[in-house]
Amino acid sequence: MTRDFPAHAIPTAAILLPADELTTAVDGFLAASPAARAWDVETAFDWARADAGRLTEGQRSAVQFVTYIEDHLPGYFDVYQRYFPVDDSVDADTFVHNRELYHFTVRWAVEEDTHARALARYQQAAGMAERSTLRDELAVEGRKPFDLPYRHPVQFFAYALVQEKATQMYYQQLREVSGDPVLAAVLTRLTRDEARHFSFMADVVGRYLRTQGDAVVEPIREVVAGFRMPLADSMRGYWRWALRIADVADYDHTAAYEHLVKIIDRAVDTRTEPLDELVRFLDRCRSLA
Ligand SMILES: [Fe+2]
Ligand SMILES: [Fe+2]
């Protein structure tokens, strides 16, 4: 999508988290991600033992599905580049904020790209797919545009908060039922990474709540009201597929909402009326699911 930033959609310094606040959040994320704890596709797993024959048909389907989701990383990364540009299209204060955020997004992108490679490598090693066939199949969805047309910066973090938590929980459940220990090992790594990504998003959303208070309540509510998992709108057969893999493990993004409520309560001493209303809304969304 060649969507230019409409002037109203580019977060400007006035509504961005103060750079000091963001820096603390980014430092926290990087401190929780030391090189010693990093892993790589090449050496972390015993690929020779990977065996998709030990998986049920539903589990294989789930692996294919999440490979598509993770493989769309270039599209997700591009969203941050477009809405938080690090060039002279923004004023100096906004640049400072965006430059700090970039320390997070590049690291996060490397990790998500590693997830995509690990899942693709599993499919090949376990006998589920030929490398070149898989590459071509992933390209069909991978080249489709992705966008999060939000108006307030907190919305990008609130969206990612829900999505990272939902993904973390899905991987956890899939790992528990996985018949192949190599897949389980891959999912253990992915689960830990997603948990760290969630923590960063939670930290940032909490800081928005503390610094901007009720002004971010409606933007957060909009994210929840319009929430769609990535690729839900572009992927061929997404909903049929999503329902099928739900039999294997529960891919329920509304389960993340209770974590959002906890973040709200940690961020503020006493809930204001708008916050109370947001929490009631979150509870309703959960009970509907
Ligand atoms: Fe991931
Ligand atoms: Fe993630």
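Just so you know, these numbers use all the heavy atoms, side chains as well, and skip hydrogens, waters and symmetry mates.
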Which pairs of donor and acceptor atoms, one on a side chain in residues 229-236, lie under 3.5 Å apart (sequence neighbours left out)?
from: Asp233; atom 1: OD1; to: Arg228; atom 2: NE; distance (Å): 2.9
from: Asp233; atom 1: OD1; to: Arg228; atom 2: NH2; distance (Å): 2.5

Enumerate, atom names and distances included, each donor-acceptor pair closer than 3.5 Å involving a side-chain atom of residues 13-23, sequence neighbours excluded.
from: Glu21; atom 1: OE1; to: Arg207; atom 2: NH1; distance (Å): 2.9
from: Thr23; atom 1: OG1; to: Ala19; atom 2: O; distance (Å): 2.7

Which pairs would a plain distance check flag for residues 62-70, meaning a side-chain donor or acceptor within less than 3.5 Å of a matching protein atom at least two apart in sequence or in another chain?
from: Thr67; atom 1: OG1; to: Val63; atom 2: O; distance (Å): 2.6
from: Thr67; atom 1: OG1; to: Gln123; atom 2: NE2; distance (Å): 3.0
from: Glu70; atom 1: OE2; to: Tyr171; atom 2: OH; distance (Å): 2.6

Tabulate below the donor-acceptor pairs under 3.5 Å that side-chain atoms of residues 183-192 make, not counting sequence neighbours, or state none.
from: Thr188; atom 1: OG1; to: Ala184; atom 2: O; distance (Å): 2.9
from: Thr191; atom 1: OG1; to: Leu187; atom 2: O; distance (Å): 2.6

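The shortest distance between side-chain heavy atoms of Arg210 and Arg266 does not fall below 4.5 Å. The closest side-chain heavy-atom distance from Glu218 to Pro274 is not below 4.5 Å. At a threshold of 4.5 Å between non-hydrogen side-chain atoms, the residues Arg99 and His103 count as touching. Residues Ile220 and Ile264 form no side-chain contact, since every pair of their non-hydrogen atoms from C-beta on lies 4.5 Å or further apart. Between Leu101 and Tyr83, the closest side-chain pair of non-hydrogen atoms is not below 4.5 Å. Side-chain contact check for Val79 versus Phe84: every heavy-atom pair is 4.5 Å or farther apart. Side-chain atoms of Leu161 and Val223, non-hydrogen and from C-beta on, never get closer than 4.5 Å to each other.
A donor-acceptor pair is defined here as one N or O able to donate and one able to accept, closer than 3.5 Å; such a pair exists between the side chain of Gln59 and the backbone of Val177. Looking at Arg60, its side chain does come within 3.5 Å of a backbone N or O of Leu55 through a donor-acceptor pair. Listed for the Gln155 side chain is a donor-acceptor partner under 3.5 Å among the backbone atoms of Pro219.
The same ILVMFWY cluster, assembled from side-chain heavy atoms under 4.5 Å apart, contains both Phe104 and Val106. With hydrophobic clusters built from ILVMFWY side chains whose heavy atoms lie under 4.5 angstrom apart, Leu30 shares a cluster with Val86. Both Ile263 and Val279 belong to a common hydrophobic cluster when Ile, Leu, Val, Met, Phe, Trp and Tyr are linked at side-chain heavy-atom distances under 4.5 angstrom.
Among residues two or more places apart in sequence or in another chain, the side-chain contact (heavy atoms from CB on, under 4.5 Å) test is passed with Asp51 by Arg54, Asp180. Under the side-chain contact (heavy atoms from CB on, under 4.5 Å) criterion, Pro74 pairs with no residue at all, not counting sequence neighbours. In this view, Phe227 and Tyr159, His253 satisfy the ring-ring contact (aromatic ring centres under 6.0 Å, His included) rule, not counting sequence neighbours. The side-chain contact (heavy atoms from CB on, under 4.5 Å) test applied to Arg196 returns Phe29, Ala32, Ser33, Glu111, Asp193, not counting sequence neighbours. Residues that satisfy the ring-ring contact (aromatic ring centres under 6.0 Å, His included) test with Phe198, not counting sequence neighbours, are His259. Shown here are the side-chain contact (heavy atoms from CB on, under 4.5 Å) partners of Glu277, two or more places apart in sequence or in another chain: Glu273, Arg280. Residues forming a salt bridge (charged side-chain N to carboxylate O under 4.0 Å, His left out) with Glu57 (at least two apart in sequence, or on another chain): Arg244.
For an aromatic pair to be called close, the ring centres must be under 6.0 Å apart, and Tyr80 with Trp108 satisfies this. A ring-centre distance under 6.0 Å is not found for Phe45 and Tyr122.
Listed by first and then second residue, the salt bridge (Lys or Arg N to Asp or Glu O under 4.0 Å) pairs that reach into residues 120-136 come to none, sequence neighbours excluded.
Looking at His115 and Glu194, their side chains do bring a donor and an acceptor atom within 3.5 Å of each other.
Among all heavy-atom pairs drawn from Cys285 and Thr254, the shortest one is O-CG2, 3.9 Å.
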Requested in this report: Walk me through it: do Lys165 and Glu258 pass the test side-chain contact (heavy atoms from CB on, under 4.5 Å)?
Outcome: CA-CA 11 Å; Lys165 181 49 85 178; Glu258 68 173 282; over 6 Å; no

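Put simply, CG on Leu174 and CE on Met169 are 14.0 Å apart, with the number rounded to the nearest 0.5 Å.
Taking the six-membered ring where the residue is Trp, Phe156 and Tyr150 present perpendicular rings, their angle passing 60° and hence far from 30°.
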